[in-house]
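Just the heavy atoms: all of them, side chains too, but no hydrogens, waters or symmetry mates, feed the values below.
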Amino acid sequence: MAHTDFVLYRTADRVALITVNDPDRRNAVTDVMSEQLRAAVQQAQDDPGVHAVVITGAGKAFCAGADLSALGAAGGGGAESGLQRLYDGFMAVGNCTLPTIAAVNGAAVGAGLNLALAADVRIAGPAAMFDARFQKLGIHPGGGATWMLQRGVGPQVARAALLFGMRFDAEAAVRHGLALQVADDPVAAALELAAGPAAAPREVVLATKATMRATASPGALDNEQHEFAKNTELGPQATSIQSPEFAARLAAAQRR
């Protein structure tokens, strides 16, 4: 194990298993967790013995989104830089040169949905729930959510999620193309799927992903499109978390 406390890291059979690890707070994203997640992804990329990455959450949740106190702190000043720090972890997953699988064991909400969407493939456990929830919290989507959802499920379903609050349980996620399959043990299923690249030459795995990234939308790499979407969303999201409405929602949540 490495990356103590908020992110756990282990490798076996040429696959890195990265676990966001704050189950008492449903693995809500903080600056520290995001930083550790980025470091774990970098460690996997730098290890020639790792051919694929699986990401999951400790406990019952996959990731309950950005910690509201961390969002509130970001809104207190330098909002855009504060948000960027919260994005670092799942942006590292999105930029990862290795194949990535999200084993979504429970709720993936807000930034947690972004973390799942940043992976190449998602496998849903029976209790998985994919919920954008940005609008319900009174904040603009961020982290490239608008692009990732439209890429994953198409414009109509993405708009249903971001504008009308549509959520996806495990079966609905598969039906709409948000997840590849439902598995009773999503981590075991993800590790089984990762055995494919684990058995292949690493240079072929890396080159295949790079080629797919380049040909998804000829003329631009897909992770560059993600970066563009994140930067386009950044200003409106920063404005929204500085609003009195969000401050009131944050105060109410902190009183509970």
Side-chain angles (χ1 to χ4, degrees), residues 1-13 15-30 32-34 36-38 40-41 44 50 52-68 86 89-94 96 98-133 143 145 148-149 152-153 161 166-198:
M1 294 286 186
H3 304 288
T4 57
D5 294 332
F6 297 119
V7 174
L8 305 178
Y9 181 97
R10 68 176 176 86
T11 61
D13 301 321
V15 179
L17 176 62
I18 297 174
T19 305
V20 290
N21 181 48
D22 193 0
D24 290 343
R25 295 188 310 124
R26 295 165 54 81
N27 304 319
V29 179
T30 62
V32 174
M33 177 186 284
S34 185
Q36 291 183 4
L37 179 55
R38 173 174 284 281
V41 172
V50 172
V53 175
V54 172
I55 300 137
T56 193
K60 294 182 178 180
F62 177 73
C63 177
D67 177 78
L68 288 180
L86 290 173
F90 61 73
M91 292 300 295
V93 174
C96 186
L98 295 166
T100 54
I101 307 169
V104 184
N105 52 302
V109 179
L113 176 60
N114 284 354
L115 175 58
L117 288 168
D120 295 315
V121 171
R122 287 154 293 285
I123 295 177
M129 178 62 68
F130 300 83
D131 185 359
R133 204 177 292 186
M148 288 192 292
L149 265 171
V153 298
M166 181 178 178
R167 303 188 303 165
F168 309 85
D169 63 15
E171 296 292 344
V174 172
R175 189 164 64 249
H176 290 290
L178 189 57
L180 179 68
Q181 67 183 83
V182 181
D184 289 338
D185 185 339
V187 173
L191 293 172
E192 182 178 354
L193 187 63

For A198 against V15, the heavy-atom pair lying closest together: CB-CG2, 4.0 Å

T30 and D67 side chains, donor-acceptor separation under 3.5 Å: no

pair K60-N105: side-chain heavy atoms closer than 4.5 Å: no

Which atom of S34 lies closest to which atom of L86, heavy atoms considered: OG-O, 3.2 Å

Test item: L117 and L149 side chains (from C-beta on) under 4.5 Å apart, heavy atoms: yes

Heavy-atom check, side chain of P186 versus side chain of T56, under 4.5 Å: no

Pairwise side-chain contact, I123 with I101, heavy-atom cut-off 4.5 Å (strictly under): yes

D185 CG: over 12 foreign heavy atoms closer than 6.0 Å: yes

Shortest non-hydrogen separation from A44 to V53 and the atoms involved: CB-CG2, 3.7 Å

Close side-chain approach of L8 to I18, heavy-atom, < 4.5 Å: no

Identified side-chain contact (heavy atoms from CB on, under 4.5 Å) partner of L115 from the options V104, N27, V93: V93

Residue pair F130 / A179: nearest heavy atoms and the distance that separates them: CZ-CB, 4.5 Å

Heavy-atom neighbours of R26 CZ exceed 12 at 6.0 Å: no

